[in-house]
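Read through the structure below, which is laid out as C-alpha cells, and then see the notes.
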Number of protein chains: 2
Amino acid sequence: MNMMAPEEEPVKDGLKPQAPGLVLSDPSPQEAADLLREGLRRGRFNAIACGCTVDYEGRSSSKLSWGERLVLVKRDGSLLIHRPTGLEPVNWQPPGAIFDVKVKGGRLIVTGNRISPRERVVIEADRISMVASLEMGDPGEFSMTMTEEELREAVLENPSLVEEGFKPISSELEEPTGFMDVVGRDRHGRMAVVELKRAVASREAAHQLLRYVEPLRRSNKGLRGILAAPGFARGVKRLLHESGLEYVTINLAKAREELRKARGERLLDYVSKRS
Amino acid sequence: MNMMAPEEEPVKDGLKPQAPGLVLSDPSPQEAADLLREGLRRGRFNAIACGCTVDYEGRSSSKLSWGERLVLVKRDGSLLIHRPTGLEPVNWQPPGAIFDVKVKGGRLIVTGNRISPRERVVIEADRISMVASLEMGDPGEFSMTMTEEELREAVLENPSLVEEGFKPISSELEEPTGFMDVVGRDRHGRMAVVELKRAVASREAAHQLLRYVEPLRRSNKGLRGILAAPGFARGVKRLLHESGLEYVTINLAKAREELRKARGERLLDYVSKRS
DNA sequence: TGCTAAATCTCGAAC
DNA sequence: GTTCGAGGTTTAGCA
C-alpha cells in the first residue's frame, strides 16, 4: 500500500491537524475505512475507486452486481456511485445522508441512510484501488444565463418579443390550474396568457398552456393563449390551432440582447444617480 | 510530485501496456495533462482534483469562478465537475464529448466539445492536488424494481388492483394526444383509461389523464378516466371530480406482492414444463 | 412540509 | 435524428 499527502510527506497520524488530505493507493479495507471515517469527520471530499456491489432500498429498490466504480462521498452527506461510462450515477443519495463505515468479512461496507423519504444505499467493496480524502474549499460563484426566468424578464422588458403592442400585466400568476408565465393584454385590449419555453416546445407544453387557458375561458370567451418558444415539435402548431391557441417563435438571440440592453440601462441609471 | 501505480511500482513509461492506472499527487499542469491524455487514449476513468474556473456555452451559458472541485472524465466522453457539496454536478457534458487537453500560461486547460447540440465546457485549472487515471471494468448488471413499468405489469397481472372486475385490453396505447398507460373495460363493459403513477400524483398527472380522455369522449360519451396512484397531491381529487375523472389509491406493497407472485407462477410453470 | 414547474435535465424507446 | 414520457429524477421557490 502506498500513501501520499499533497504538499507534504505521508502522514501516518491521521489526526494530525490541518492535514490537507490524503490519497491511498491499494489500501486494505481497514485502511480505507479509517481514511473515509476521518475524511467524513473533517468534512473532506472523499473518493473511493473500488470493485463493489451496491444495493438500494427506498423510493424504489435496486441491485447492482459486482463491478469497478468510483464512489464519491461529500461532506454534506451526498453520495454518488459512478460506473466507468455514463453521465448519471448508477446509485446515489441526495444531501443529508448519514454514513456508516465498517469492515466486515474483509470488505469495506459503506451505508448511506436518509430519512424522509426513508432510503438506504449499501456499498460492499473489495479490491479498493484508491481512496482520496481531500480538503476542498470552493468560494466560487456560479451564474447562468438564458434560463426560462431570464426569458420571462426579457419579455417583460420588451413585450414586442411576443407581439407588437403586447402589454404584460403580471407574471408567475397562480390560478387553480397552475402558474402562468406571463399574462397581459394585446393591442386590442384582449387578455392573453403566454407560456414561455426556452427550447423546442413539445406537445406537453401546448397542453400546459391549454390547461391554464381553458378554465379561464369560461368567464372570458375572448382569452388568447400563446405558446412562445424558439421552436415547436412536429404537430404542436396543429395541436395549438385545434385548441384555439396560438404560437409565437421567439428569437432567443434577440431576447438575450434585449435583456443585456435593459440591464445596461438600469446600470447606467444607477451609476448616474450615484454620481 | 508523487506517483503511484496500484498493483505494481510506479511506471514512468506511460505507454507501457496494461498499466492498471496511475495516481499523481500535486502534479504539475504538464504532468496532469500528460496523464489525462494517456488516460483518455487508454479508455480510463480519470479524476482530477483541482482549483479551477469553468465556462459553459451551449444550450445555456454559465460561468463558475475559481474554487476547488473534482473533475471526472470518462471514456465515453462524459464530463462531470463536482463541487465539495451538492448531489448534482455544477457543470457537465453528456457522453460523446471530444476532449482537448493542453497547458497554457501554467494552467491545465481541458475543453469538452459536443455537437448536436453544439456545446462546450472549458476548465482552466491551477493548483492540481491529484490526478487519477484508473482502469475500470464494470460487468455488473443493474436491476430496479417498482418502476412505473412494473406497476403496469402488476395491474395487467391483477387488474383488481385498479377495480374489481376491470379487464385490461391494451397497454401503452398511442393516441394522437399521447400514450395511455392502460385501457380496458370495467365490469359493466364501460371503457376506462387508466393513468398510473408510482408516486404521489400531482395536478399535472390529472391533466395528463384528461388530455387522453377528453378527445376520446367525443366519440365515446361514457368513457371513464381513472388516475391510479399511491397518493394524491392536495386538490387533485377535486380537480379530477370537476373534470369527470376518478381516482384509485394503489397499494404499492400489494402491487409488488402481486408481481412477485405472478412471476413466481410463471417460473414454476417454466420449471414444470422442462421437468 | 407540501406542492409546482424548470432543467445545459438524462435516458431509453419508438418512429 | 426527432419526439415522447419516466425518473429513486433534483432543485429552487413559495405557501
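If you check every strand for non-hydrogen atoms under 4.0 Å, B:G58 touches nothing. Heavy atoms of A:T147 sit under 4.0 angstrom from primed sugar atoms or phosphate atoms, though from no base atom. Residue contacts shown for B:E119 include a base, since a base heavy atom lies under 4.0 Å away. Among the heavy atoms of the strands, none lies under 4.0 Å from B:S61. The residue B:E195 sits close only to the backbone: its heavy atoms come under 4.0 Å of sugar-phosphate atoms, none of a base. Residue A:Y56 is in base contact, counting any heavy-atom pair closer than 4.0 Å across all strands shown.
For the pair B:E257 and B:K261, the salt-bridge criterion is not met [side-chain N within less than 4.0 Å of a carboxylate O].
Sparse packing is recorded around CZ of B:R234, with 12 or fewer heavy atoms of other residues, nucleotides or ligands lying under 6.0 Å away.
To the nearest whole angstrom, the two P atoms, one in D:dG8 and one in C:dA5, are 22 Å apart. Straight-line distance between the C1' atoms of C:dC11 and C:dA7: roughly 14 Å, to the nearest whole Å.
A search for side chain to side chain donor-acceptor pair (under 3.5 Å) contacts involving B:E246 returns B:R224, not counting sequence neighbours.
Listed by first and then second residue, the side-chain hydrogen bond (donor to acceptor under 3.5 Å, both in side chains) pairs that reach into residues 85-96 of chain A are A:S62-A:N91, sequence neighbours excluded.
Scanning residues 82-90 of chain B for heavy-atom distances under 4.0 Å to DNA chain D yields B:L87, B:E88.
Each of A:A201 and A:Q93 was assigned the nucleotide of DNA chain D with the nearest heavy atom; the assignment lying further toward the 5' end belongs to A:A201.
Residue B:R59 places its side chain closer to C:dT8 than to any other of D:dC4, C:dT8, C:dT1.
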